[in-house]
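Scroll down for the structure; my scribbles are underneath it.
Letters A, B, ... mirror the listed sequences (proteins, then strands); counts begin at 1. Because only heavy atoms are used, hydrogens play no part in the values below, and waters and symmetry mates are left out as well, while side chains stay in.
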2 protein chains.
Amino acid sequence: MATLKKIGEELGLSVATVSRALNGFPEVKETTRNRVREAADRLGYRPNRVAQRLVTGRSGMVGMIVKIKPDMSADQTFFEMLTGLTAALSERETDLVLAVDQAEDPVLPYQRMLERDVLDGFILNAPVPDDPRVSFLQERGIPFVLHGQDRACPNYPTFGIDNFSVSTDSVRLLAQLGHRRIALINGEVSAAFAHDRLAAFEAAMEDFGLNKDLIRTGASLESHGYSQALDLLSAATPPTAIICASTVIAAGAMRAIRDRGLSVPGDVSVMAHDDALPQTRAINFEPALTVTRAPMRDACAPLAHMLVDHLNGTPAHELQVTLKADLIIRGSTGPAPKPEISDGPR
Amino acid sequence: MATLKKIGEELGLSVATVSRALNGFPEVKETTRNRVREAADRLGYRPNRVAQRLVTGRSGMVGMIVKIKPDMSADQTFFEMLTGLTAALSERETDLVLAVDQAEDPVLPYQRMLERDVLDGFILNAPVPDDPRVSFLQERGIPFVLHGQDRACPNYPTFGIDNFSVSTDSVRLLAQLGHRRIALINGEVSAAFAHDRLAAFEAAMEDFGLNKDLIRTGASLESHGYSQALDLLSAATPPTAIICASTVIAAGAMRAIRDRGLSVPGDVSVMAHDDALPQTRAINFEPALTVTRAPMRDACAPLAHMLVDHLNGTPAHELQVTLKADLIIRGSTGPAPKPEISDGPR
DNA sequence: AGGCAAATTTAAAACGTTTTGAATAGTGTT
DNA sequence: AACACTATTCAAAACGTTTTAAATTTGCCT
């Protein structure tokens with residue numbers, strides 16, 4: 001293995017100069033820098049990361065803890081995230097150390113990982129409102145970046161989408177199409193994103209003077225979408241439009257609508273939020289699904305770079321990105337069916 | 001952070017003694033060792049892994065590359081493996097660095113990972129016959145452990161199951177039950193395990209003087225099991241027993257048998273090899289599935305420990321384990337139906 | 001008490017890098 | 001030719017550990 005010393009001996013230079021030459025310090029003469037670069041290339045020099053880390057006090061590793069479900073499966077997006085994160089982190093000379101969490105206590109695996117290891121920081125995902133992991137890591141001063149959002153004005157880096165606008169845009173679109181009875185089939189409200197979308201849905205419905213009583217919550221499963229939609233449609237005043245928290249739920253909802261002998265969008269408009277799950281593509285729906293869209297995979301690179309930037313000293317308040325979701329109108333939404341007499345407020 | 005130096009100053013000892021005391025060297029006096037241990041506990045000492053690695057020349061990280069399918073999903077067992085591996089590796093103070101492989105060239109991701117990083121070794125899984133990754137890593141002297149088997153007499157650590165006995169045991173069981181027409185619905189023969197099971201199936205059938213022409217190969221999918229079984233059963237001389245490469249395939253095969261109006265095991269016996277996939281449990285079949293069994297999860301700890309042992313100098317030939325699969329007889333296998341006239345060799 | 005071996009401890013080197021403070025080389029001015 | 005800069009390079013310390021070789025202490029025997 002070529003080392004700085006070897007390059008120095010080769011050229012009659014000190015290690016200090018060689019180090020600075022390669023790291024782009026301004027005080028080294030250009031001709032020297034070129035000689036050093038040439039020698040480094042020729043000898044196949046690669047900096048010893050372990051030595052770098054010893055002196056800089058950093059480990060070059062960040063942690064992420066995957067929560068798995070009892071059936072040992074994980075989120076559909078997990079591999080996409082993993083791919084994107086490792087790729088982006090490797091650009092910054094950073095490794096991703098993974099652990100799997102089966103514990104009840106959400107902070108325990110983080111605690112264990114900190115004890116065992118020299119991790120520079122964490123990537124946190126799938127936050128719940130007032131996430132205990134956030135306070136845990138903040139108390140100990142461990143840097144992290146949160147995927148999603150938890151508090152309104154956090155003092156830590158976050159990257160997420162504006163879940164309020166997801167609901168607001170959806171409601172506005174449907175209201176403008178003349179829908180009055182708009183249902184929401186939400187995800188688990190224990191998740192922060194669902195919590196925010198619910199609050200925004202209620203607020204938007206109120207803004208438009210609409211009843212906000214058609215709300216269902218549960219897991220992001222096809223079967224949940226199916227059963228909840230079926231239930232909504234069999235009520236005395238069924239919805240004419242359904243907003244689904246995910247394309248998976250939308251798939252179930254559309255199946256329920258068809259089973260009731262109704263059509264999309266003739267009788268019921270359907271839309272969803274689209275995280276771009278590889279298995280359930282909104283474009284492949286029949287008719288193609290109208291969505292608010294913010295692909296999970298777009299979050300990988302920003303998350304990685306924000307965390308490394310934060311480790312390098314960029315203050316948290318410069319590292320807070322909230323993306324607005326795109327609104328993509330396709331065939332699954334249309335004008336509300338002709339209003340019935342009993343529709344309006346009495 | 002407490003360091004060796006700090007503990008030494010606290011007790012009036014040199015760092016060398018403190019180091020040796022904590023690492024269990026025999027030449028340090030017991031009373032001293034206890035004083036050091038007490039001080040280390042009291043000060044919350046944790047060895048700086050980066051410093052340890054600098055001096056030992058090891059990084060304390062091993063790599064594993066996950067191959068994902070185009071739909072961004074991975075093997076069903078992946079999370080189970082991940083859980084088991086990280087747990088076992090952490091016992092040996094080793095981290096698992098994960099990368100995701102989407103490349104065509106199987107060695108490219110390994111090359112990239114080696115360039116970028118200071119990895120001590122690799123865990124290789126899902127080998128193909130004459131796996132190019134094996135020769136690649138061997139050429140460069142990178143230690144690794146292979147999950148599964150590739151060659152008959154490898155000179156590297158391996159942990160796998162005896163796929164020959166999987167087929168032999170299955171064929172013997174069915175032959176002893178009087179079956180003459182035994183089919184094999186195999187996995188992709190590109191995988192080493194399927195290749196071995198096929199070879200052993202053919203050999204075993206020959207040993208029993210049976211025709212070995214009822215062989216199908218393909219992906220480990222329910223739909224593959226279904227279509228292949230359906231096809232086999234509609235032949236002129238359908239099988240009376242089907243050996244499936246996995247429980248997933250068996251699920252499809254059993255569905256096909258029922259769709260043909262046949263019963264298990266009355267008309268057709270079904271058995272499979274069981275890697276203990278969490279989603280498809282042999283015990284939950286109706287009737288419960290007879291299997292050769294070797295849970296994937298049992299491989300995690302051995303793989304981890306074998307790799308670390310190998311890194312610590314244990315020679316490869318002491319690190320080669322081939323487990324025999326258990327044969328678990330349940331309700332899906334039974335005596336062959338009454339033989340027809342045309343059965344025997346003419 | 002003196003001597004010798006064994007038991008225990010120590011100082012120092014090593015790993016490869018970054019960084020501090022000092023030294024040298026180069027340039028232009030008087 | 002001496003001076004004052006600035007530009008460039010260097011030696012050495014530091015990070016925290018392991019390990020080698022040497023030094024010290026201890027115990028035992030005469």
>> B/Arg49 vs B/Asp95, test: salt bridge (charged side-chain N to carboxylate O under 4.0 Å, His left out). Steps then yes/no.
In response: CA-CA 11 Å; B/Arg49 305 255 306 270; B/Asp95 285 309; 3.5 Å; yes
Can you name the atoms? Protein N/O to nucleotides 10-12 of chain C N/O, anything below 3.5 Å, with the distance.
unit_1, atom_1, unit_2, atom_2, d
C/dT10, OP1, B/Gly12, O, 3.4
C/dT10, OP2, B/Ser14, N, 3.0
C/dT10, OP2, B/Ser14, OG, 3.2
C/dT10, OP2, B/Thr17, OG1, 3.0
C/dT10, O4, B/Arg20, NH2, 2.0

>> Ignoring hydrogens, what is the shortest heavy-atom contact between A/Leu119 and A/Val62? Give both atom names and the distance.
In response: CD2-C, 4.2 Å
> Whole Å only: how far is the CG atom of A/Leu54 from the P atom of C/dT19?
Replying inline: 13 Å
>> Could you check whether B/Arg297 pairs with B/Asp275 (Lys NZ or Arg NE/NH1/NH2 to Asp/Glu carboxylate O, under 4.0 Å)?
In response: no
>> Considering every strand and a 4.0 Å limit on heavy-atom distances, what is the contact class for A/Ser19: base, sugar-phosphate, or nothing?
In response: base
>> Checking side-chain polar atoms at under 3.5 Å, does A/Gln138 have a donor or acceptor matched by the opposite partner on A/Asn155?
In response: yes
> Are B/Glu10 and B/Lys6 close enough for a salt bridge, meaning some N to O gap below 4.0 Å?
Replying inline: no
> Starting at the 5' end of DNA chain C and moving along, which residue's nearest nucleotide shows up first, A/Tyr45 or B/Glu27?
Replying inline: B/Glu27
> Can we say B/Arg33 and B/Glu30 salt-bridge, meaning some charged N sits less than 4.0 Å from an Asp/Glu carboxylate O?
Replying inline: yes
> Side chains of A/Asp162 and A/Gln149: does their closest heavy-atom pair fall under 4.5 Å?
Replying inline: no
> Just how far, in rounded Å, is C1' of C/dA6 from NZ of B/Lys29?
Replying inline: 13 Å
> Centroid-to-centroid, A/Tyr110 to A/Phe136, below 6.0 Å?
Replying inline: no
> First and last nucleotide of DNA chain D in contact with chain A, 5' to 3', at under 4.0 Å to a heavy atom: what are they?
Replying inline: D/dT8 to D/dG16
